[in-house]
Amino acid sequence: MKIDEIIESLNPEQKQAVLQTDGALLVLSGAGTGKTKVLTSRIAYILSQGLAFPSQILALTFTNKAAKEMKDRVAAIVDASNCEGLWLGTFHSVCLRLLRNHIDLCGRDKNFVIFDTDDQKRLLKNIMADDFKIDIKKTTPAFVADVISRYKDKGVCEVDVNMMQDSLHIADGNFVAIYTLYQERLLQMNAMDFGDLLLYPLKIFAGYPDILLQYQQKFKYVMVDEYQDTNTVQYAFLKLISAGRGNICCVGDDDQSIYSWRGAEIENILRFEHDFTNAKIIRLETNYRSTKPILECASELISNNRGRLGKRLFPCDENACVDGHLPVQVRGVFSGADEARSIRDDIESYGRKGFSTAKMAVLVRAGWQTRAFEETFIKSGIPYKIIGGTKFYERQEIKDVVAYLRLLVYPTDDLSFARIINLPKRGIGDKTIGEIHKHARMRGISMFAACENMLKDGSFSPKLSGVIEKFIKDFYRWRGVFNGSITESNGENIHHGKLVQSILHDSGYLDMWYNAKTPDAAGRVENIRELVGTITTEFESLSEFLEHISLIADSDEYSNGDEVSIMTLHASKGLEFDIVFLPGWETGIFPNERAIEEAGDSGLEEERRLAYVGITRGRKVVIIYYAGARMVFGQWQNNVPSMFIKELPKEYTEHSTFSTAFSV
DNA sequence: GGGAGAGGGCTTTTT
DNA sequence: GCCCTCTCCC
């Protein structure tokens, strides 16, 4: 399609949002109102009008999925080669790209490794247990990791002690010291965590105004997706980088802000008008997704929230979908099992009415709720897929393989070293690893280098020396292949896919799973095969692969095309389904008790936004459930219906109670 | 150092 | 009720 046609296809508000290229603009975009269309059309418009070169446009998203979709959609409008130069990506990938240009200012070298949340927890566990002798049952590394991350979201570094008053008591008063040592270790390991990736650009901007100026001049247009999810650091980044030209367009929906527990500041979007001079706000309220009862329920429910900019959702054409105007259904059932059976029956009956199961979804508040549906669907032969859950790259065997590759490419990555030094079993236990670690810390070198020293010193027993020497020599050989100093007999470089295979083979890692007698071993071997296939065919080098997976949470979900989706409400944001099932609308479960305990009224409002997200996923039918009793953590619990049910307008809902106690 | 049982703990999880 | 992690004993 050409750009003129695209513009013509927009509604008046969308059109205004696309054509208003200059100045600060907030596009308040309700669910299903075409925000991605606005963003992509806007980029295409700027390019086609020659207002900027691709490299002068900065477009930021939160997920890789959103970035990819945007890129694809822009490429479909303008010449695809134009898209290559765009700075379009997630906050983290853009910051990484920026940091690569100035890595010398961060105390790292260009081969720095990015630690994910799992690495973060392992490192903190070491620090807390070994260096501070903290009872990690009382204060878990996960908790401390979370506190540190929240500070980083706010831009509070380990030196800003006066801003951490609330947390000084954590870990027997050692919090600041732990945070400080944690940062030191990251530096030693040539590593950064996700928070650092966003923080360091700000540090650079603060310390080197000329560099900031360079980027301010470079980026003529800045665009941001899901602005309601930005944290303080991202906000500061946007504010600085757009300050030169002043052209910033943020798209978001305050009613869909559901990530405050990860540092997102809904205040950022609420304050937009005051933050940016001469800011304009455009509201997109025409919904192209859902029928009127669904929109009325969603609008009415969310109107109970106080901290919001305020908007409603209107159906695009009330008359066009008359026969689709089923009311939102609210069903009371006896138990959790009945809830699952009732949803199963609904799926089957809507299936008979011609709805595709692929366009149905069960959206739950918490991950544990999915199990009941999984079990029931298996018994009834209903195809389903669970979205989210354990992701491919988070699987144990995948992380193991990645650790081998990481240690290959990043020799100072001690966490990867510690993960695989005894995997497969080489007879190297905690004691030996502890000694290696101690040696490394005392000399300020990596654990890998410490091993080499200790081999020379004769610090290991003869048996240990043998296995450790093999380990070290293996890595030297693999690194030789990696850097091209070891080649095929004809002098050609050995393909990196082949290298990965020899690593898995020579190390004995693959054999470990082949010989394992556990029932999951075959699946793990299969996963490893898939990984090797991906590395071999889709990446040019191991470095490229490692960089890719460090910033990606998930491999693409595939589908057979007829599965019901089961996922959390959080995971459903941005998706749509013909029929949406919303189970577990009971006090304590939803709104979630702990969310309210932790954040009071604002926690409740976030839960309500979550409900709003859930309802607005549905195109034709939304069915809400509450059970009178359910088994939670192995205990029977009597539950009362969620307060959100009372907040739905009576004229658009249909209430009923069901008992399927005698069905199977 | 490694395997088997007990104990605790448990929301959400874009990168 | 289940899974992960720690610890005890071989």
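These values consider heavy atoms only, across backbone and side chains, with no hydrogens, waters or symmetry-generated copies. Per chain, numbering begins at 1; letters A, B, ... match sequence-line order.
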message: Does either side chain, that of Asp254(A) or that of Tyr227(A), offer a donor lying less than 3.5 Å from an acceptor on the other one?
response: no
message: Base, sugar-phosphate or nothing for Tyr259(A)? Non-hydrogen atoms, less than 4.0 Å.
response: base
message: Is a donor from one side chain sitting under 3.5 angstrom from an acceptor on the other, for Gln635(A) and Gln637(A)?
response: no
message: Please classify the nucleic acid contact of Asp229(A) as base, sugar-phosphate, or nothing, using heavy-atom distances under 4.0 Å.
response: base
query: Would you say dT12(B) has OP1 or OP2 under 4.0 Å from some side-chain N or O of Asn592(A)?
result: no
message: Suppose we screen for salt bridge (charged side-chain N to carboxylate O under 4.0 Å, His left out). Which residues come up paired with Arg617(A), at least two apart in sequence or across chains?
response: none
task: Would you indicate, yes or no, if dG1(B) has its OP1 or OP2 atom less than 4.0 angstrom from a side-chain nitrogen or oxygen of Thr432(A)?
output: yes
task: Heavy atoms of chain A, cut-off under 4.0 Å: which first and last nucleotide of DNA chain C, 5' to 3', fall inside that, if you could look?
output: dG1(C) to dC6(C)
Donor-acceptor pair (no angle test) under 3.5 Å: Arg262(A) side chain, dT14(B) base: no
task: Mind calculating the distance between NZ (Lys68(A)) and C1' (dT14(B)) to the nearest angstrom?
output: 17 Å
- prompt: Would you say the base of dT12(B) and the side-chain of Arg365(A) have a donor-acceptor pair closer than 3.5 Å?
  reply: yes
message: Between Asp253(A) and Ser29(A), do the side chains contain a donor N or O and an acceptor N or O under 3.5 Å apart?
response: no
- line: Heavy-atom contacts, protein to nucleotides 2-10 of chain B, under 4.0 Å, summarised as B (base), S (sugar-phosphate only) or - (none) per nt, yield SS------B
Residues, nucleotides or ligands: over 12 heavy atoms within 6.0 Å of Asp601(A) CG: no
- prompt: How would you label the contact of Gln396(A) with the nucleic acid (heavy atoms, under 4.0 Å): base, sugar-phosphate, or nothing?
  reply: nothing
message: If I pick the P atom on dT12(B) and the same atom on dT5(C), what distance separates them, to the nearest angstrom?
response: 16 Å
- prompt: Any chance CD of Glu593(A) has more than 12 other-residue heavy atoms, nucleotides or ligands included, within less than 6.0 Å?
  reply: no
- request: Measure from NZ or CZ of Lys154(A) to the centre of the six-membered ring of Tyr151(A) and say whether it is under 6.0 Å with the direction within 45° of the ring axis.
  value: no
